[in-house]
Amino acid sequence: MSEKKLPLPDERLLELASTLQTPFYLYDEKAIVENARHFKELFSWAPGFCNYYAVKACPNPTILSILGAEGFGTDCSSLPELLLSKASGIVGERIMFTSNDTPDQEFVEAFELGAIINLDDITHIEALDHAVKKVPPVICFRYNPGPERTGNAIIGNPVEAKYGVTSDQIVDCYRIMQKKGVKRFGLHTMVASNELDGTYIIETARMLFELCVRIYRETGIRIEFIDMGGGIGIPYRPEQKAMDLNHVSAEMKKLYEQIVVPAGLDPLKIVFECGRCITGPYGYLVSRVLHVTRKYKHYVGLDASMADLMRPALYGAYHHITVVGKQDQSLDHTYDVTGSLCENNDKFAIDRMLPKIEKGDLLVLHDAGAHGHSMGFNYNAKLRPAEYLLRTDGSLVMIRRRQTYDDYVSSLRFEGAPVAI
Ligand SMILES: *Cc1c(COP(=O)(O)O)cnc(C)c1O
């Protein structure tokens with residue numbers, strides 16, 4: 001069971017929502033920091049352990065700086081993500097650049113920032129060469145195990161995945177880079193997303209450890225680090241249980257001792273790129289009920305829409321909903337909870353059992369701290385919501401203002417713009 005608590009007492013939240021414009025995102029700094037420390041502590045046995053937080057999960061420099069202060073790095077996939085990392089004070093080998101279908105300019109920027117470049121494809125060796133014209137000190141390859149692994153629902157079957165180097169290409173990739181003079185190497189994979197079964201993570205570690213041994217035997221290269229990717233899920237539903245990371249860590253340690261140590265490859269650094277399980281549970285979308293209506297079903301219409309939180313409409317994802325001040329009432333009403341986009345799938349919940357809801361009620365959507373605000377968009381010219389941080393000392397700060405009409409139309413203003421706005 002995962003408990004769905006609010007980060008603030010009801011009265012304080014109601015008071016805040018009466019002064020701030022809803023909808024807005026709220027993040028809990030204390031909980032994020034404690035969770036980051038706990039994650040690091042779990043793997044303290046692992047040589048050189050680091051989590052490269054996936055910037056796409058929550059690309060806000062305040063959040064990234066908080067994680068940076070806890071020793072985290074960043075996992076970036078685009079030029080703007082690299083720049084956000086830099087703006088958050090995270091540079092050099094504390095950046096993992098894991099991209100796909102990468103433009104030359106992004107390789108150049110990653111190289112100049114001293115990031116670890118994680119190549120997604122054997123042809124990217126030439127692309128990198130062409131773009132930067134220098135030999136990087138360290139290189140990583142993303143491995144796709146193909147039929148060897150089954151993948152999971154979100155990331156899909158590895159055979160169908162567009163990511164990574166195949167089993168028959170991987171050794172050649174290291175050989176080529178070795179010939180070019182690269183001295184330090186990493187090995188990356190990511191075969192699952194939002195996974196709650198720890199077996200996936202343990203089996204990924206086994207696969208990568210064994211592959212390190214194979215690469216060593218065939219090329220003499222000692223891989224410096226394995227990157228387990230992200231993909232550790234969170235219990236979005238109250239009846240789900242978080243992954244047992246104590247167990248995962250203990251099993252990984254056993255495998256390390258069984259596979260890595262006897263092959264003479266100790267120390268082998270272990271890193272992750274988790275985003276969701278670091279900040280996901282500690283971010284909330286706060287929204288006001290605008291309308292409660294009956295058509296052929298009962299509807300609750302919010303001032304938030306899927307432009308603010310896309311996961312339910314995109315993958316039918318569950319986000320728990322708390323009606324502030326009505327936590328003790330029985331869940332005896334069934335509603336579709338909707339947003340205002342001209343899209344019928346703009347629903348945060350379908351047939352959700354909730355207490356009786358009235359116009360003006362305040363709703364909190366839980367587990368929106370990763371892949372929440374960042375997945376938002378501007379369809380129907382909806383303006384993006386503000387983000388607030390509840391600081392460890394109990395104060396509240398704005399960490400991103402609400403988008404304005406002026407922001408929205410700013411890219412329409414350029415030399416020779418045909419329309420004055
Ligand atoms: C999305 C992504 C992550 C983060 O995934 P989470 O589910 O947030 O842990 C890490 N690495 C890569 C390469 C990704 O694409």
Side-chain angles (χ1 to χ4, degrees), residues 27 32 35-36 38-40 42-43 50-60 63-64 67 72-78 80-82 84-85 90 94-102 106 110 115-121 124 140-145 149 151-156 158 161-165 186-198 200-201 204-205 208 225-236 240 242-243 245 248 270-283 309-311 314-315 317-319 367-375:
Y27 302 94
I32 290 173
N35 188 40
H38 178 63
F39 193 74
K40 251 176 50 181
L42 276 169
F43 290 94
C50 180
N51 186 59
Y52 291 82
Y53 179 79
V55 171
K56 71 171 191 257
C58 192
N60 187 305
I63 303 286
L64 298 179
L67 293 173
F72 279 31
T74 52
D75 171 47
C76 301
S77 294
S78 68
E81 286 187 352
L82 286 166
L84 283 168
S85 182
I90 301 174
R94 289 178 68 202
I95 303 177
M96 189 72 65
F97 182 64
T98 300
S99 62
N100 180 260
D101 198 15
T102 313
E106 303 199 348
I116 300 176
I117 297 177
N118 183 19
L119 293 181
D120 184 74
D121 193 77
H124 287 191
C140 185
F141 284 100
R142 180 169 187 164
Y143 176 58
N144 178 335
R149 297 289 298 275
N152 80 343
I154 291 189
I155 226 163
K162 66 168 182 165
Y163 306 109
V165 175
L187 169 64
H188 169 277
T189 202
M190 179 154 164
V191 291
S193 181
N194 193 24
E195 183 57 61
L196 286 174
D197 180 357
Y200 269 94
I201 307 299
T204 296
L208 292 183
F225 67 88
I226 60 157
D227 180 344
M228 301 276 297
I232 296 176
I234 56 173
Y236 284 98
Q240 288 176 318
M243 185 182 286
L245 288 173
V248 167
I270 299 176
V271 308
F272 279 86
E273 297 171 347
C274 287
R276 192 186 312 270
C277 70
I278 303 300
T279 55
Y282 314 111
L309 177 67
M310 178 156 65
R311 298 187 70 260
L314 183 65
Y315 339 98
Y318 180 97
H319 278 265
D367 301 305
H371 313 291
H373 190 285
S374 58
M375 261 195 191

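Just follow the structure's listing: the first ligand is 1, and inside any ligand the first atom is 1.
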Mutual orientation of the aromatic rings belonging to Phe272 and Phe39 [parallel < 30°, tilted 30-60°, perpendicular > 60°]: perpendicular

Sorted by chain and number, the residues that approach ligand 1 to under 4.0 Å with a heavy atom: Ala54, Lys56, Asp75, Thr98, Arg142, Met190, Gly230, Gly231, Glu273, Cys274, Gly275, Arg276, His371

Residues Glu106 and Ser99: side-chain donor-acceptor under 3.5 angstrom: no

Test: Arg142 cationic atom under 6.0 Å from Tyr163 six-membered ring centre, within 45° of axis: yes

Derivation and outcome, side-chain hydrogen bond (donor to acceptor under 3.5 Å, both in side chains), residues Asn51 and Lys40: CA-CA 8 Å; Asn51 186 59; Lys40 251 176 50 181; over 6 Å; no

Arg311 to Tyr236, cation-pi by 6.0 Å centre distance and 45° axis angle: yes

Between Tyr53 and Thr279, a side-chain donor and acceptor under 3.5 Å: yes

